[in-house]
Every structure is written in C-alpha cells, then in structure tokens.
There are 2 protein chains.
Amino acid sequence: MGITKSEKFTEQQNQIANFAKAFGHPARVAILQHLFKINTCICGDLVEEIGLAQPTISQHLKELKNLGLIKGNIEGTKVCYCIHNENWTKMKLVMHEFLDQDILTTECC
Amino acid sequence: MGITKSEKFTEQQNQIANFAKAFGHPARVAILQHLFKINTCICGDLVEEIGLAQPTISQHLKELKNLGLIKGNIEGTKVCYCIHNENWTKMKLVMHEFLDQDILTTECC
DNA sequence: TACTTTAATCGTAATATTGCAATGTATTAA
DNA sequence: TTAATACATTGCAATATTACGATTAAAGTA
C-alpha cells in the first residue's frame with residue numbers, strides 16, 4: 001500500500017521519522033551542509049553546487065522549508081536561503097534524545 | 001525518475017542519508033526504541049508491540065539488520081533481536097557530526 | 001512421523017519519492 | 001514596455017517504499 005500507518009505510532013515517533021526523512025536524501029544533506037558552510041545567506045547557487053536540475057533543488061528546498069529547518073528571504077529576483085537556527089536546535093533535541101538512548105542501557109548479546 | 005543520484009554526492013553524505021532513511025519510518029523508530037527499552041533480547045513480540053503484520057515487521061527488521069544497527073540470533077523457532085551496540089555508536093558519531101555542525105557557525109539572518 | 005510454532009520470503013497492490021522539461025511568476029535591467 | 005534573470009510550479013515518467021496475504025523453511029512437540 002506504500003502508505004505509512006502513522007496513527008499506530010506516537011507523535012514523538014512520527015516526529016523523529018519526519019526529521020529523519022528530511023535527512024534521508026543526500027541532496028538535502030548536501031544543501032544543509034552548504035548552508036552551514038557558507039554561513040552568510042547566499043542565494044541560489046545551490047543548483048551549481050549540488051549538480052541537480054533547478055526544479056529538483058527547488059523541490060528539496062521546499063521540503064526543508066516545510067519542516068522549518070531552513071528559511072528563504074526574497075531579495076530581488078533571488079531568494080536567499082539559510083538555516084533556521086532556532087528550529088534546528090529544537091530538531092537536535094529530538095534527534096539527540098533518540099540517538100543517545102543507548103546510554104541508559106547495557107549490552108545484552 | 002525516483003532514483004537517487006548517489007554518485008553526485010560524497011560517501012559521507014550518502015552514509016548520513018542511509019542512516020537517516022532507516023529512521024525515516026516510525027515503525028523502525030518504534031522497533032529500535034523497544035529493543036532499547038526491553039534491553040534483553042526480545043523476539044517476535046515486536047509484531048504485537050508495533051501492531052503491523054508479521055511480514056511487515058520482518059521487512060523493517062531486515063532493513064535495520066542490513067544497515068548493521070541490529071543483530072538477530074536464532075533461538076529455536078524464535079529469533080532474538082537486539083541493538084548492535086558497536087555499530088550504533090559508530091552511527092551516532094556520523095549523525096552527531098552532521099547535527100552539530102551548527103555549533104561552528106554564527107547566526108546570519 | 002505428523003503437527004505446531006515462528007519467522008522469512010514471495011508476489012502484488014497502493015502510494016511516495018525523485019528528477020526534469022516545460023511553463024509560470026515576479027523582479028530587475030535596458 | 002520589453003527582455004532577461006531567478007525561482008517556483010506543473011505534469012509526468014521511473015523507481016522506491018510500505019503493507020500484507022499466501023507460502024515456505026526450520027525447529028520444536030506430540
């Protein structure tokens with residue numbers, strides 16, 4: 001059926017999965033890394049940087065924006081994207097809690 | 001075309017994406033959380049715990065196993081799954097480096 | 001041996017994702 | 001006003017993912 005049965009899971013589990021899904025494509029990983037690296041908001045040279053077609057990049061940017069991880073400011077004909085630092089920090093809290101749950105447990109097999 | 005152009009990205013970027021993809025479904029998040037919670041190797045009661053059909057759970061387990069995040073020991077007719085602690089730690093290093101890249105940068109907009 | 005239990009695999013349907021050409025839209029430049 | 005630039009949107013094709021019924025395989029039990 002190809003449809004995830006989200007109603008079977010907790011809100012936290014779905015939230016983790018949604019963030020993870022955003023990082024589940026190397027293009028989006030590369031976009032985020034580039035935005036961090038450039039630091040100052042640089043505009044749409046992401047297409048050249050990543051090497052995928054412009055509509056494809058635009059689509060990936062939209063997903064990251066919908067999740068709140070980046071924001072885009074229109075500047076003339078260009079759009080300036082950058083990390084949404086506050087939301088990135090919130091996302092990190094959620095993901096770190098998930099990743100670090102092994103700290104509480106002991107080896108078993 | 002539905003096919004990810006992995007060759008356009010670095011090995012590190014693809015690795016992050018692959019780990020993230022594993023966490024990109026709430027059933028797999030739930031499975032991992034349950035394995036951590038139970039701690040001692042729990043077997044196919046994951047099917048009851050999660051509430052999806054047995055073949056579906058089996059499929060999710062296979063993905064997690066292929067990535068190396070869990071391991072399964074056959075015990076009679078049952079199979080005992082648990083976290084692969086060493087690989088989990090390695091995965092965490094990769095993911096933490098990605099998530100914490102904001103520490104190095106300063107606000108821009 | 002025959003039966004049961006447990007889990008993997010196969011096959012298939014439904015839906016999601018990825019990628020891009022073509023097109024649309026808004027702003028700037030001439 | 002017209003043309004150019006920069007992105008977003010649309011539409012579609014190819015592939016991937018999710019889910020599960022049916023079946024199979026392996027080990028224990030009667």
Side-chain angles (χ1 to χ4, degrees), chain A residues 1-9 13-14 16-32 34-35 41-67 70-82, chain B residues 1-9 13-14 16-32 34-35 41-67 70-82:
Chain A
M1 294 147 193
I3 190 168
T4 297
K5 296 195 165 178
S6 308
E7 73 280 2
K8 298 232 175 192
F9 306 99
Q13 288 165 339
N14 283 310
I16 292 167
N18 284 333
F19 282 135
K21 213 183 292 182
F23 305 140
H25 193 289
R28 291 190 290 267
V29 170
I31 286 172
L32 291 165
H34 190 66
L35 291 180
C41 287
I42 202 73
C43 312
D45 45 17
L46 281 164
V47 174
E48 290 169 41
E49 180 68 23
I50 310 288
L52 295 176
Q54 178 263 322
T56 307
I57 298 294
S58 195
Q59 197 171 293
H60 285 305
L61 287 167
K62 192 179 176 183
E63 285 179 59
L64 293 172
K65 206 165 124 188
N66 286 343
L67 251 185
I70 63 173
K71 45 187 171 180
N73 292 79
I74 299 171
E75 289 183 6
T77 60
K78 300 190 175 185
V79 177
C80 174
Y81 283 101
C82 63
Chain B
M1 294 153 189
I3 190 167
T4 296
K5 296 195 165 178
S6 308
E7 73 280 3
K8 298 232 173 190
F9 306 99
Q13 288 164 339
N14 284 310
I16 292 168
N18 284 334
F19 283 135
K21 213 183 292 182
F23 306 141
H25 193 289
R28 290 190 290 268
V29 170
I31 287 171
L32 291 165
H34 191 68
L35 291 180
C41 293
I42 200 74
C43 314
D45 45 15
L46 279 164
V47 175
E48 289 170 41
E49 180 69 22
I50 309 288
L52 294 176
Q54 179 264 320
T56 308
I57 298 294
S58 195
Q59 199 171 291
H60 285 305
L61 286 167
K62 192 179 177 185
E63 286 179 58
L64 293 171
K65 205 165 123 187
N66 285 343
L67 251 184
I70 63 173
K71 44 188 172 179
N73 292 77
I74 298 172
E75 289 184 6
T77 59
K78 302 189 176 183
V79 177
C80 174
Y81 284 102
C82 63

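Only heavy atoms go into these numbers, but all of them, side chains included; no hydrogens, no water, no symmetry mates. Everything quoted here is computed from the prediction, not taken from an experiment. Proteins get letters first, then strands, A, B, ... in listed order; numbering begins at 1 in each.
Distance check: L64(B) CG to L32(B) CG gives 5.0 Å after rounding to the nearest 0.5 Å. Summarising the geometry, atom CD belonging to E48(B) is positioned 12.0 Å from atom CD belonging to Q54(B); distances are rounded to the nearest 0.5 Å.
D45(B) places its CG atom 12 Å from the C1' atom of dT6(C), with the value rounded to the nearest Å. As a whole-Å value, the separation of E48(B) CD from dT5(C) C1' is 13 Å. Whole-Å rounding puts the N18(B) CG to dT17(D) P distance at 10 Å. Taking atom CD1 on I74(A) and atom C1' on dA26(C), their separation rounds to 8 Å, with Å as the unit. Between the CD1 atom of I70(A) and the P atom of dC7(D) there is a distance of 13 Å, rounded to whole Å. Atom pair N73(B):CG and dA27(D):P shows a separation of 14 Å (rounding to whole Å applied). The distance between atom CG of L52(A) and atom P of dA14(D), rounded to the nearest whole Å, is 19 Å. The nearest whole Å value for the distance from the NE2 atom in H60(B) to the C1' atom in dA16(D) is 14 Å.
Mapping I57(B) and R28(A) onto DNA chain C by nearest heavy atom places I57(B) closer to the 5' end of the strand. Summary of the strand contacts: K21(A) and Q54(A) both lie near DNA chain C, and taking for each the nucleotide with the nearest heavy atom, the more 5' one is attributed to K21(A).
Closest contact between the side chain of Q59(A) and the listed nucleotides dG19(C), dT9(C), dA27(D) involves dG19(C). Checking dC7(D), dA6(D), dT18(D) against every side-chain atom of T77(A), the shortest atom distance belongs to dA6(D). Considering only side-chain atoms of I3(A), the nucleotide from dA21(C), dT15(C), dC20(D) that sits closest is dT15(C). For T56(B), counting side-chain heavy atoms from C-beta on, the closest listed nucleotide (dC20(D), dT18(D), dA7(C)) is dC20(D). Minimum atom distance to the side chain of P55(B) is reached by dC20(D), of the listed dT18(C), dC20(D), dC20(C). With dT6(C), dA19(D), dA8(D) as the choices, the nucleotide that has an atom nearest any side-chain atom of K78(B) turns out to be dT6(C). Looking at the side chain of H25(A), the nearest of the listed nucleotides dC20(D), dG28(D), dT18(C) is dT18(C). Taking every side-chain heavy atom of K5(A) into account, dC20(D) is the closest of dC20(C), dT18(D), dC20(D). Distances from the side chain of K62(B) to the nucleotides dT9(C), dA8(C), dA8(D) place dT9(C) closest.
Contact detail for K65(B) and G72(B): the closest heavy-atom pair is CD-N, 4.3 Å. Smallest separation of non-hydrogen atoms from A30(A) and I50(A): CB-CD1, 3.6 Å.
Using a 4.0 Å cut-off, some side-chain N or O of Y81(A) falls inside it from OP1 or OP2 of dA8(D).
Within the 4.5 Å cutoff, no side-chain heavy atoms of Q59(A) are placed close to those of K62(A).
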